[in-house]
Amino acid sequence: MNTLTITKEPREGAKKRAPVQAGTLVKFGLDVHARQITVCRQLDGQRPQPAQRLSWARCERWISEHVAAGAQVHTCYEAGPCGYGLHRRLLQMGVTNLVVVPQIWDERRRRVKTDKRDAKELCDRLDRYQRGNLEAFAVVRVPTPVQEQRRALGRQRESVQKQRQRCELRGHGLMLAQEIEAPPRWWLPSSWAQLQTQLPPWLRDNLECWQAQAQTLFAQEGALAERIVAGYQGGPQPKGLGQLTAALLDAEICDWHRFTGRRGISSYTGLCPSEHSSGGSQHQGAVTKYGNPRVRRLLIEAAWRLLQWQPDYAPLRRLREAKGKRARKRAVVAVARQLAVDLWRVRTHRSSAEALGLVMQED
């Protein structure tokens with residue numbers, strides 16, 4: 001039988017860990033940072049051991065030693081800026097790894113947060129999850145490298161768009177301070193040529209910086225949109241959805257088949273109503289917004305466009321009949337939620353677009 005004695009980083013007076021035998025269930029909670037990983041280990045059903053800080057290389061080597069000894073290794077870490085490279089390397093080692101949704105682990109609100117506490121809590125939650133408590137944490141679906149690259153292209157376009165909007169707003173603020181109300185896209189060459197004649201020289205010089213940046217970013221935004229549409233192979237789309245919106249939706253969702261029912265896709269959009277019910281009282285409030293915010297924004301925009309392009313789409317009846325701003329906002333949320341479900345049915349071939357009342361674009 002293979003055995004392996006795992007110790008901490010070498011230091012004077014360090015105590016050796018108990019030997020790890022083949023078949024031992026080992027769980028690691030990993031608190032990942034750019035330069036270090038704080039690791040908490042648990043053997044079988046024992047108490048988690050004190051956490052320790054390791055370099056990335058040392059942490060991966062330590063985990064691989066457990067795999068080589070024949071242990072069943074399970075790990076987890078929070079999704080974050082360090083990406084999914086560690087997850088893929090752990091899978092290649094033979095480790096069962098989970099990437100989980102970040103959350104506040106201090107349930108008792110002790111207001112003490114450290115890397116070691118987070119690693120221990122992750123390890124404890126992993127143990128509960130392995131024992132059947134699927135509510136211990138929420139697991140993130142890790143995209144494939146190809147899906148991640150496609151999604152990154154859409155998110156880069158969104159980032160460029162936000163930068164362009166900031167330049168536009170800064171220019172608006174400068175002009176409004178001088179009691180000049182500029183058109184929405186004042187930075188476009190045609191609008192800027194007319195606007196320059198109304199500005200004092202000092203203000204025009206200040207605005208030229210923001211105008212040039214906004215124009216450059218707008219060109220980059222258009223080039224990224226063309227790349228996204230050119231690489232999309234989703235086929236015909238419902239009228240009003242658009243190739244760009246469809247491509248961005250598919251890139252964010254990655255795989256429509258991962259949802260087993262309409263409740264799953266509805267929850268992922270974050271467009272389900274919140275609820276506070278107890279005893280005999282039941283109260284539903286605003287949407288939870290627990291899900292992908294980019295998918296939610298794309299669906300809301302598409303729902304407004306469907307008013308023009310999908311006159312016979314049944315969910316739009318409530319939106320057309322809604323009176324008042326608040327009622328229309330509630331109605332468009334319901335349309336967006338139903339649109340997500342119907343797109344899931346079409347993408348997974350559970351139903352046809354015609355049966356759902358959606359008119360498809362002509363080839």
Side-chain angles (χ1 to χ4, degrees), residues 141 143-144 146-158 161 221-273 287 291-322 327-363:
R141 184 189 183 279
T144 65
V146 175
Q147 291 172 341
E148 188 176 9
Q149 292 169 17
R150 188 182 301 119
R151 188 176 66 181
L153 192 62
R155 294 185 177 184
Q156 182 182 3
R157 174 186 171 273
E158 181 184 14
Q161 185 182 49
E221 182 185 341
L224 287 169
E226 292 178 0
R227 288 176 59 189
I228 293 169
V229 173
Y232 180 63
Q233 300 176 352
Q237 304 298 327
K239 285 186 175 180
L241 188 64
Q243 291 290 325
L244 179 59
T245 301
L248 293 172
L249 273 175
D250 284 2
E252 287 294 332
I253 291 176
C254 295
D255 183 11
W256 292 86
H257 292 274
R258 64 189 174 112
F259 301 108
T260 58
R262 59 184 180 85
R263 292 180 181 271
I265 182 63
S266 299
S267 177
Y268 183 74
T269 64
L271 293 170
C272 298
V287 295
N292 191 318
R294 296 175 178 86
V295 170
R296 185 162 56 250
R297 176 180 55 81
L298 290 168
L299 289 170
I300 292 292
E301 292 177 356
W304 286 114
R305 291 200 302 270
L306 291 185
L307 279 173
Q308 178 181 356
W309 297 99
Q310 300 286 346
D312 298 326
Y313 188 45
L316 291 173
R317 186 181 303 114
R318 178 181 174 184
L319 180 57
R320 291 194 183 95
E321 296 174 353
R328 287 174 64 83
K329 287 178 67 176
R330 288 181 173 180
V332 78
V333 166
V335 173
R337 183 172 60 246
Q338 186 60 47
L339 177 62
V341 174
D342 289 344
L343 288 175
W344 166 75
R345 288 169 174 163
V346 173
R347 295 287 199 278
T348 56
H349 307 290
R350 285 174 167 80
S351 180
S352 64
E354 292 75 13
L356 298 171
L358 290 169
V359 179
M360 303 298 288
Q361 297 174 356
E362 298 179 0
D363 294 338

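Starting from 1, each residue takes its place in the sequence as its number.
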Is there side-chain contact between S352 and M360, with heavy atoms separated by less than 4.5 Å?
-> no
Closest contact, heavy atoms only, R151 versus P143 | NH2-CG, 3.6 Å
Heavy-atom check, side chain of V359 versus side chain of Y313, under 4.5 Å = no
Does a side-chain heavy-atom distance below 4.5 Å link L249 with L241?
-> yes
Looking only at heavy atoms, the pair that brings C254 and Q147 closest together is O-NE2, 3.5 Å
State, with a plain yes or no, whether a side-chain heavy atom of K239 is found less than 4.5 Å away from one of Q308.
-> no
Residue pair A303 / V335: nearest heavy atoms and the distance that separates them | CB-CG1, 3.8 Å
Would you please name every residue forming a side chain to side chain donor-acceptor pair (under 3.5 Å) with R262, sequence neighbours left out?
-> none
List the steps and the verdict of side chain to side chain contact (heavy atoms under 4.5 Å, CB included) for R157 and L244.
-> CA-CA 11 Å; R157 174 186 171 273; L244 179 59; 3.7 Å; yes
Between CH2 on residue W344 and CD1 on residue I253, distance to nearest 0.5 Å | 12.0 Å
Y268 six-ring face occupied by R141 cation (under 6.0 Å, within 45°) | no
Scanning both residues in full, the closest heavy-atom pair of S351 with L356 reads OG-CG, 3.7 Å
Value for CZ (R318) from CG (L316), rounded to nearest 0.5 Å, stands at 12.0 Å
Minimum heavy-atom distance L299-A340, with the two atoms named | CD1-CB, 3.6 Å
Could you note down all residue pairs passing side chain to side chain donor-acceptor pair (under 3.5 Å) where residues 328-339 supplies at least one of them, sequence neighbours left out?
-> Q338-D342
Heavy-atom nearest pair, G154 first then L248, reads CA-CD2, 3.6 Å
Would you list the pairs meeting side chain to side chain donor-acceptor pair (under 3.5 Å) in which at least one residue belongs to residues 222-235, sequence neighbours left out?
-> Y232-Q237, Y232-D250
Should L153 and Q149 count as side-chain neighbours, where that means a heavy-atom distance under 4.5 Å?
-> no
Check for a donor-acceptor pair, side chain of T269 on one end and backbone N or O of S266 on the other, with a separation under 3.5 Å.
-> yes
Distance, nearest 0.5 Å, that separates CG of L339 from CG of L271 = 10.0 Å
R294 meets the salt bridge (charged side-chain N to carboxylate O under 4.0 Å, His left out) criterion, sequence neighbours left out, with E158
With the side chain counted from C-beta on, respond yes when L343 and P238 share a heavy-atom pair under 4.5 Å apart, and no when they do not.
-> yes
Can you find a pair of side-chain heavy atoms, one from R345 and one from V341, that are under 4.5 Å apart?
-> yes
List for me each residue that meets side chain to side chain donor-acceptor pair (under 3.5 Å) alongside Q156, sequence neighbours excluded, and say none if there are none.
-> none
Give, for atom CZ of R350 and atom CH2 of W256, the distance between the pair rounded to the nearest 0.5 Å.
-> 12.0 Å
Sequence neighbours left out, what pairs pass salt bridge (charged side-chain N to carboxylate O under 4.0 Å, His left out) with at least one residue falling in residues 300-314?
-> R297-E301
